[in-house]
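Encoded as structure tokens, the structure appears first; notes follow it.
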Amino acid sequence: MDGAPPLEIHDLTVAYHERPVLWGVDLVVPAGRLVGIVGPNGAGKSTLIKAAMGLLPAASGWVKVFGAPVRQNLRRIGYVPQRESVDWDFPVCVRDVVLMGRYGHVGLMRRPSAQDHAIAQRCMDEVGLLPFADRQIADLSGGQQQRVFLARALAQESDLYFMDEPFSGVDAATESAIIALLQQLKSRGKTILVVHHDLPTAREYFDTLLLLNMRVVAFGPAEEVFTYDLLQKTYGGRLTILSDMADAVSRQSRSP
Amino acid sequence: MTPRRAIALLLACGLLLCTHTAWADRIGDITSTDWREQAWRFVTLADPAVRFALAGSILLGLNCGLLGGFIVVRRMALFGDMLSHAVLPGVALGFLWNMSKDPVAIFVGATLAGLAGAALVGLLRRTTRLKEDTVLGLVLALFFAGGICMVTRIQSLPQGNKSGIDKFLFGQAAALGPGDVQLMAAVTVLALALVCLFYKELLVASFDGAFAASLRLPVAALHFGLLLLLSFAVVVALQAVGVVLVSAMLITPAAAAYLLTDRLHRLLQGAMVMGVLAGVGGAFISFLGTNLPTGPFMVLTASAIFAIVFLFGERRGVLMRWWRRRAQAARVRRENTLKAVFHILESRGLGHVRSVALHELAAHRQGTMATARSEARVLAGHGLATLPAGAESLDLTHEGWQRACEIVRNHRLWEWYLTHQMAIAPDHVHADAENIEHLLGEDAVRQIERALPPSPVDPHGRPIPALGAGRGERTP
């Protein structure tokens with residue numbers, strides 16, 4: 001691994017229709033971390049990863065990926081968008097979608113090579129989708145659809161991954177399969193940022209947490225950051241959530 | 001995805017063009033109205049005007065089918081409609097350029113008008129809270145109204161050769177000249193070439209724009225390119241189909257192809273084939289009479305193709321689905337009869353005899369003798385039983401016996417699975433199994449079998465018959 005951090009964000013501000021949704025985000029993610037991005041609805045979690053990849057214009061600030069401006073290093077980024085962001089009736093099969101992960105490497109106007117097909121095949125196998133390779137994507141369950149996106153990201157063979165709610169609407173089997181996969185990626189030195197909705201599992205799944213609520217509330221090792229005070233700050237003291245949090249924290253502190 | 005068929009068709013169009021002679025008169029000028037004679041003229045391609053009309057229709061079908069495929073999967077059908085109406089003022093301006101029907105001037109004018117419409121839609125979308133469908137409807141109406149006013153004004157002008165300007169509304173393939181067809185060929189070749197070259201990029205950008213952007217693909221340029229090709233397609237198709245209906249030639253063939261396939265490249269190929277069929281069919285029908293507009297006939301042909309696909313499509317056709325449901329229901333009825341026969345035989349102790357009297361069957365199923373007889377006949381018709389003429393009892397064939405064992409086995413396996421593996425009370429499981437027994441696939445059966453004890457008994461204490469249980473055999 002080279003010396004530069006996989007992701008460095010400095011004073012990033014993003015606005016939708018002039019209304020800022022992210023304010024002055026500073027972030028340096030060291031290599032080999034599995035980072036969970038948590039925060040309430042509308043905290044700008046998806047916005048952060050989209051802006052980090054340059055998919056949304058930033059009002060100010062800059063993003064560096066492995067020491068270079070993000071546009072130059074997009075090939076080293078893998079992306080799992082939200083499952084709801086696409087039309088699953090689209091006429092493509094699982095293999096087509098996974099192969100899309102290779103498109104960034106194939107180059108304009110060229111066709112994927114036999115090697116690209118082999119990589120796609122291996123990635124489908126890794127997430128257990130090989131039996132469904134030639135199925136139309138609408139014929140899959142929610143968990144299987146999510147795994148299609150994961151396989152596509154794997155096929156990108158990147159060093160830094162952004163995943164937008166990969167756990168939303170998946171069955172328990174898929175959830176544990178995804179976790180195993182994330183751990184495996186981490187052990188291969190990859191850096192992964194995951195937008196995550198479910199607080200109780202956040203501490204268990206990720207080694208590092210980014211608490212976000214339009215600004216960075218806290219960033220650090222999960223056991224240090226997952227505290228009552230910081231969570232309260234993140235979730236803005238809304239009562240129902242707060243009590244949920246209190247429960248979550250107490251559950252966490254009871255388990256050794 | 002290099003559609004060889006498309007290229008062959010293009011070559012055919014080129015040949016048609018090459019054989020044209022200088023004195024190309026228009027189909028509209030021909031006075032003969034006998035439809036048989038006209039049909040013969042069309043089929044033999046003796047007339048150069050027919051050749052132009054045919055070549056134009058083929059090119060139009062190819063181009064509209066190809067781009068229509070993208071319109072449908074990108075949910076831009078309304079956008080196509082807007083675009084096709086928005087070009088009309090441009091047609092009028094192109095005509096005014098030198099007061100004649102110059103294909104190039106009209107092409108440029110119409111493309112600019114189409115792009116202006118698209119730009120206006122974008123502007124309104126960005127600066128107001130209005131939703132896309134409202135904005136599209138608004139811009140469509142504005143441009144179309146402007147265009148109609150201009151065309152009407154042109155027709156009342158004293159000077160200039162105005163023949164043909166009125167054909168832009170409803171289309172007249174017969175009015176296509178060599179210049180028009182050459183322009184169509186150029187535009188179609190361009191669209192085919194670009195789609196082939198950038199197929200992979202168009203695929204990912206259409207399916208998942210954010211992901212395509214994260215690959216650093218030029219998503220905006222691809223979108224604009226598609227828009228440009230779309231305007232070209234609409235503009236060159238105007239003469240043959242007309243402003244009012246050109247969007248249908250984009251949408252209908254592609255919609256029909258969408259019902260038939262699950263892969264984008266096949267959808268595009270299918271849409272092109274259906275587009276060509278609709279184009280040629282429409283041109284042919286409109287040629288049969290004098291001065292019949294082409295556009296409506298093309299669209300009707302395309303809609304007829306859509307209707308055929310909708311009804312008879314192999315997997316999703318409505319009639320096919322109905323047929324499959326019917327076949328399924330008939331199978332369930334047969335299996336229920338077999339099951340009843342099995343139960344009767346079982347109550348006798350499953351001896352060697354596989355014969356059941358019809359009155360027993362009727363009593364077991366709580367039906368009439370007539371029903372029992374007809375059920376037995378159905379079994380006999382499927383080779384599951386024999387029912388000699390006038391006989392009062394049916395004999396299961398070997399296959400019938402196998403099938404009966406299988407269905408009872410499925411029923412009891414499912415009951416066993418629900419009670420033993422899912423902890424559902426034994427008296428809750430029968431109704432469910434009545435349905436599942438007909439659906440239980442081989443995989444599910446294997447899975448349940450793996451958990452099965454050596455001498456399985458269903459929750460009601462009856463043995464679960466073995467697969468392919470032989471003559472009078474009990475479960476091993």
Side-chain angles (χ1 to χ4, degrees), chain A residues 17 46 49-50 52-56 70-97 99-112 116 131 134-139 148-149 152-153 155-156 158 160-162 164, chain B residues 1-2 68-77 125-129 193-222 225 254-271 313 315-316 443:
Chain A
H17 301 292
S46 298
I49 62 173
K50 281 185 187 154
M53 284 184 287
L55 302 183
L56 292 174
V70 61
R71 296 288 300 167
Q72 289 170 26
N73 258 339
L74 270 177
R75 299 268 146 82
R76 296 184 68 177
I77 299 181
Y79 178 36
V80 175
Q82 277 185 26
R83 187 157 59 88
E84 296 77 26
S85 65
V86 303
D87 170 17
W88 289 93
D89 283 326
F90 198 94
V92 283
C93 66
V94 171
R95 189 188 303 279
D96 292 336
V97 179
L99 209 49
M100 287 177 191
R102 300 303 304 159
Y103 285 6
H105 301 260
V106 174
L108 275 181
M109 296 196 277
R110 288 165 188 251
R111 272 145 205 273
D116 293 314
D134 295 312
R135 281 239 198 130
Q136 205 259 322
I137 52 174
D139 291 342
V148 173
F149 270 6
R152 181 175 70 174
Q156 292 186 273
S158 309
L160 172 63
Y161 284 95
F162 291 106
D164 206 339
Chain B
M1 71 113 224
T2 320
F70 284 104
I71 293 265
V72 167
V73 297
R74 294 172 74 111
R75 304 176 176 197
M76 287 167 62
R125 284 284 279 136
R126 273 197 309 277
T127 51
T128 66
R129 306 189 297 169
L194 287 178
V195 168
C196 287
L197 278 177
F198 292 100
Y199 176 71
K200 154 172 116 336
E201 287 77 13
L202 286 167
L203 171 68
V204 64
S206 303
F207 172 61
D208 190 345
F211 183 77
S214 87
L215 296 177
R216 213 183 162 183
L217 293 178
V219 178
L222 286 169
Y258 189 92
L259 295 187
L260 283 181
T261 174
D262 280 341
R263 307 289 294 277
L264 183 62
H265 61 280
R266 288 202 212 110
L267 190 158
L268 298 180
Q269 289 165 1
R315 268 182 307 164
R316 297 190 205 125
D443 286 349

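Letters A, B, ... are given to chains in the order of the sequence lines, protein chains preceding strands, and every chain is numbered from 1.
- Listed options B:Arg266, B:Arg126, B:Arg263 were ranked by heavy-atom pairs under 4.5 angstrom with chain A; first place goes to B:Arg263.
- In this structure, B:Phe211 and A:Gly101 approach most closely via the heavy-atom pair CZ-CA, 4.1 Å.
- Looking at every heavy atom in both residues, B:Lys200 comes nearest to A:Arg110 through CE-O, 2.9 Å.
- Residue contact with chain B, scored on non-hydrogen atoms closer than 4.5 Å, involves the backbone of A:Gln72 exclusively.
- The two residues B:Ala210 and A:Leu55 make their nearest non-hydrogen contact at O-CD1, 3.7 Å.
- With a 4.5 angstrom heavy-atom cutoff, B:Leu267 touches chain A only via side-chain atoms.
- Applying the ring pair (Phe, Tyr, Trp, His ring centres under 6.0 Å) test to B:Phe207 and every residue at least two apart in sequence or in another chain returns A:Phe90.
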Mind running side chain to side chain contact (heavy atoms under 4.5 Å, CB included) on A:Asp89 and B:Tyr258 for me, showing each step along the way?
CA-CA 10 Å; A:Asp89 283 326; B:Tyr258 189 92; 3.6 Å; yes

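- Of the listed residues (A:Val70, A:Ile77, A:Asp96, A:Val80), the greatest number of heavy-atom pairs within a distance under 4.5 Å of chain B belongs to A:Asp96.
- In this structure, chain B has heavy atoms under 4.5 Å from both the backbone and the side chain of A:Met100.
- Comparing A:Gln136, A:Gln156, A:Met109, A:Met53 by how many heavy-atom pairs each has under 4.5 Å with chain B, the most go to A:Met109.
- Here salt bridge (charged side-chain N to carboxylate O under 4.0 Å, His left out) pairs that include residues 203-218 of chain B, with residues two or more places apart or in two chains, are A:Arg152-B:Asp208.
- The contact between B:Arg75 and chain A is made entirely by side chain atoms (from C-beta outward), counting heavy-atom distances below 4.5 Å.
- Only the side chain of A:Phe149 comes within contact range of chain B, judged by heavy atoms closer than 4.5 Å.
- For B:Phe198, the part lying near chain A is the side chain, with the backbone staying farther off; criterion is any non-hydrogen pair under 4.5 Å.
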Under the side chain to side chain contact (heavy atoms under 4.5 Å, CB included) rule, what do B:Glu201 and A:Leu108 come out as? Steps first, then yes or no, please.
CA-CA 7 Å; B:Glu201 287 77 13; A:Leu108 275 181; 3.5 Å; yes

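- Across B:Leu260, B:Leu203, B:Thr261, B:Val73, a single residue satisfies side chain to side chain contact (heavy atoms under 4.5 Å, CB included) together with A:Pro91, and that is B:Val73.
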